[in-house]
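Worksheet: one structure, shown below.
From a predicted model like this one, the values you see are computed outputs, not experimental measurements. Chain letters run A, B, ... following the sequence lines, proteins first and then strands; every chain starts at 1.
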2 protein chains.
Amino acid sequence: MGVAVTKKPKGTASRARILDAAAALFRDKGYAAVSLRAIAAAAGLQSGSVYYHFGSKEEIVTEVLNLGIERVHDQVSTTIATLPVDADAATLIKTGIRNHLKALFAFGAYTSANVRIYGQVPTSARQGNLAVRREYEGLWDDILSRAQARGGVQGGIDLAAFRLLLIGSLNATLEWFDPQRGRVEDLAECYADILLSGVLTHGGGRQ
Amino acid sequence: MGVAVTKKPKGTASRARILDAAAALFRDKGYAAVSLRAIAAAAGLQSGSVYYHFGSKEEIVTEVLNLGIERVHDQVSTTIATLPVDADAATLIKTGIRNHLKALFAFGAYTSANVRIYGQVPTSARQGNLAVRREYEGLWDDILSRAQARGGVQGGIDLAAFRLLLIGSLNATLEWFDPQRGRVEDLAECYADILLSGVLTHGGGRQ
DNA sequence: TATTCTATCTAACGATTGTTAGTCTATTTA
DNA sequence: TAAATAGACTAACAATCGTTAGATAGAATA
């Protein structure tokens with residue numbers, strides 16, 4: 001048996017290929033428009049073989065949805081954790097924005113599949129994604145309230161609304177930004193500037 | 001022939017019911033998941049009758065997509081036009097935000113169908129929607145460059161990026177905001193405040 | 001009144017859907 | 001070596017899909 005090599009059962013690779021193929025197809029065509037035969041073909045299998053790894057189409061999409069959020073969650077929470085405990089509000093929020101966007105485009109198929117098809121998936125799949133979603137929202141609520149506690153965020157801001165605005169605008173970049181044509185870091189810098197300081201001159205506008 | 005009464009051919013009402021039903025179903029389930037039989041049933045017809053009014057499912061979705069944008073365009077351009085010529089940057093942008101959101105929720109089925117299914121619709125339907133989309137983007141570019149010309153917007157702001165951030169975040173409200181539980185005007189005020197002035201204290205953060 | 005048009009219906013077409021059952025082969029375990 | 005398991009295949013199922021053809025009833029027109 002020699003050294004402790006991690007086993008790689010052959011089926012594990014197929015399972016991953018099925019998920020990758022499903023994520024990309026769901027992102028491009030929506031949930032219902034993608035047949036199991038199309039997923040199987042893209043993964044290099046026959047349609048029947050998919051059922052060895054997953055019990056149903058719903059089971060596949062549920063896993064795709066969860067992976068899409070979990071990977072962003074991990075990237076954001078990991079990088080936030082490396083910040084010094086006394087990091088200021090701008091640093092906290094900027095780090096969150098940069099790493100949300102990084103993960104969005106690094107795991108593009110899963111994340112944009114999630115953003116695009118969540119509203120059109122069978123109820124059970126949506127419910128299977130709820131817990132993961134809420135956890136990620138909670139992560140951002142922590143980041144934002146920590147930023148506000150450090151005094152860097154205006155008192156009048158509705159943090160829940162800001163979180164929705166923030167994540168909504170970041171996720172919408174999936175519809176137009178091409179990471180091959182521009183750096184994600186630059187996009188993050190630009191978005192963070194606008195969201196943190198607004199676009200008006202003379203630092204005013206609020207009564 | 002008496003007074004000039006606008007004719008109401010019976011089929012016109014059916015056509016409108018088909019579009020209304022299709023918009024609501026597309027918004028809820030996506031494009032491919034909605035069958036013509038479901039659209040017909042929701043409109044009170046048999047499936048074959050739909051083909052008297054539309055040549056194909058693609059033709060229906062193309063019209064739904066276009067109506068979704070045209071109605072927002074009309075609302076925004078009309079209200080912007082009523083502003084005094086020397087309106088300041090904050091007023092211009094705030095008016096645009098408020099009326100984009102108003103139209104979004106007033107024509108909910110069409111607008112959220114557009115936001116949700118645009119990426120998953122057959123190529124020809126997407127192309128049939130391109131011109132209308134570009135026109136609406138142009139309207140916002142006019143609003144923003146007019147605001148910047150009046151000196152109210154920071155010079156360093158990338159107006160195209162700001163437009164994308166803005167419209168992206170506004171459209172994302174369709175996924176969570178319920179106009180029955182809160183006033184759209186309040187939502188608009190909240191979003192405009194954040195987008196115009198940012199969330200940081202001491203008007204700083206930008207180098 | 002005779003004819004045409006409008007708007008709908010019914011019934012069916014071939015294609016495709018998610019899923020299942022049964023079979024085969026290669027690998028692992030006993 | 002014998003038995004069991006993992007992983008894939010083929011073939012078929014009932015259901016549903018978008019679409020079409022033809023029939024039908026009432027309204028408008030001549």
[N] phosphate, OP1 or OP2, under 4.0 Å from [X] side-chain N/O:
X: B:S49; N: C:dC9; value: yes
X: A:S14; N: D:dA8; value: yes
X: A:H53; N: D:dA6; value: no

List the atom of A:V64, the atom of A:A113, and the distance in Å for their closest heavy-atom pair.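 In terms of heavy atoms, the two residues are closest at CG1-CB, 4.1 Å.
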I need the [atom1]-[atom2] distance between [X] and [N], as an integer number of Å.
X: B:L45; N: C:dT8; atom1: CG; atom2: P; value: 5 Å
X: B:I18; N: C:dC9; atom1: CD1; atom2: C1'; value: 14 Å
X: B:I39; N: D:dT16; atom1: CD1; atom2: C1'; value: 15 Å
X: A:F54; N: C:dT19; atom1: CZ; atom2: P; value: 13 Å
X: A:Q46; N: C:dG22; atom1: CD; atom2: P; value: 20 Å

Going by the rule salt bridge (Lys or Arg N to Asp or Glu O under 4.0 Å), which residues pair with B:D186 if we only count those two or more places apart in sequence or in a different chain?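 Here the qualifying residues are B:R183.
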Going by the rule salt bridge (Lys or Arg N to Asp or Glu O under 4.0 Å), which residues pair with A:R116 if we only count those two or more places apart in sequence or in a different chain?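 Here the qualifying residues are A:E175.
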Side-chain donor-acceptor distances from residues 28-44 of chain A under 3.5 Å, at least two apart:
| unit_1 | atom_1 | unit_2 | atom_2 | d |
| --- | --- | --- | --- | --- |
| A:S35 | OG | A:A38 | N | 3.0 |

Short of 4.0 Å, heavy atom to strand atom, which residues of residues 19-33 of chain A count as contacting DNA chain D?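 Residues of residues 19-33 of chain A under 4.0 Å from DNA chain D: none.
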From [options], pick the nucleotide closest to the side chain of [X]?
X: A:K57; options: C:dT19, D:dG18, D:dA8; value: C:dT19
X: B:Y52; options: C:dT8, D:dC9, D:dT19; value: C:dT8
X: B:Y51; options: C:dC9, D:dA8, D:dG18; value: D:dG18

By ring pair (Phe, Tyr, Trp, His ring centres under 6.0 Å), which residues pair with A:F54, not counting sequence neighbours?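 Once residues adjacent in sequence are excluded, A:F54 has no partner under the ring pair (Phe, Tyr, Trp, His ring centres under 6.0 Å) criterion.
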With A:F105, which residues qualify under ring pair (Phe, Tyr, Trp, His ring centres under 6.0 Å), at least two apart?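 Scan of A:F105 (ring pair (Phe, Tyr, Trp, His ring centres under 6.0 Å), adjacent residues dropped) gives A:F177.
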Check every strand shown and say whether A:V34 touches a base, only sugar-phosphate, or nothing at a heavy-atom separation below 4.0 Å.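 Here A:V34 touches the backbone only, sparing every base.
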Restricting both atoms to N or O, compile the protein contacts to nucleotides 12-16 of chain C shorter than 3.5 Å, with distance only.
| unit_1 | atom_1 | unit_2 | atom_2 | d |
| --- | --- | --- | --- | --- |
| C:dA12 | N6 | B:R37 | NH2 | 3.2 |

Do B:R98 and B:E189 sit within salt-bridge range, that is, some charged N less than 4.0 Å from a carboxylate O?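 No salt bridge links B:R98 with B:E189.
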Got a sec, which residues hit side chain to side chain contact (heavy atoms under 4.5 Å, CB included) with B:A147, two or more places apart in sequence or on another chain?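 Side chain to side chain contact (heavy atoms under 4.5 Å, CB included) list for B:A147, sorted by chain: B:A89, B:L92, B:I93, B:V153.
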Kindly state each residue pair satisfying side chain to side chain donor-acceptor pair (under 3.5 Å) with at least one member in residues 155-171 of chain A, sequence neighbours excluded.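 Residue pairs with at least one partner in residues 155-171 of chain A: A:H100-A:N171, A:D141-A:R163.
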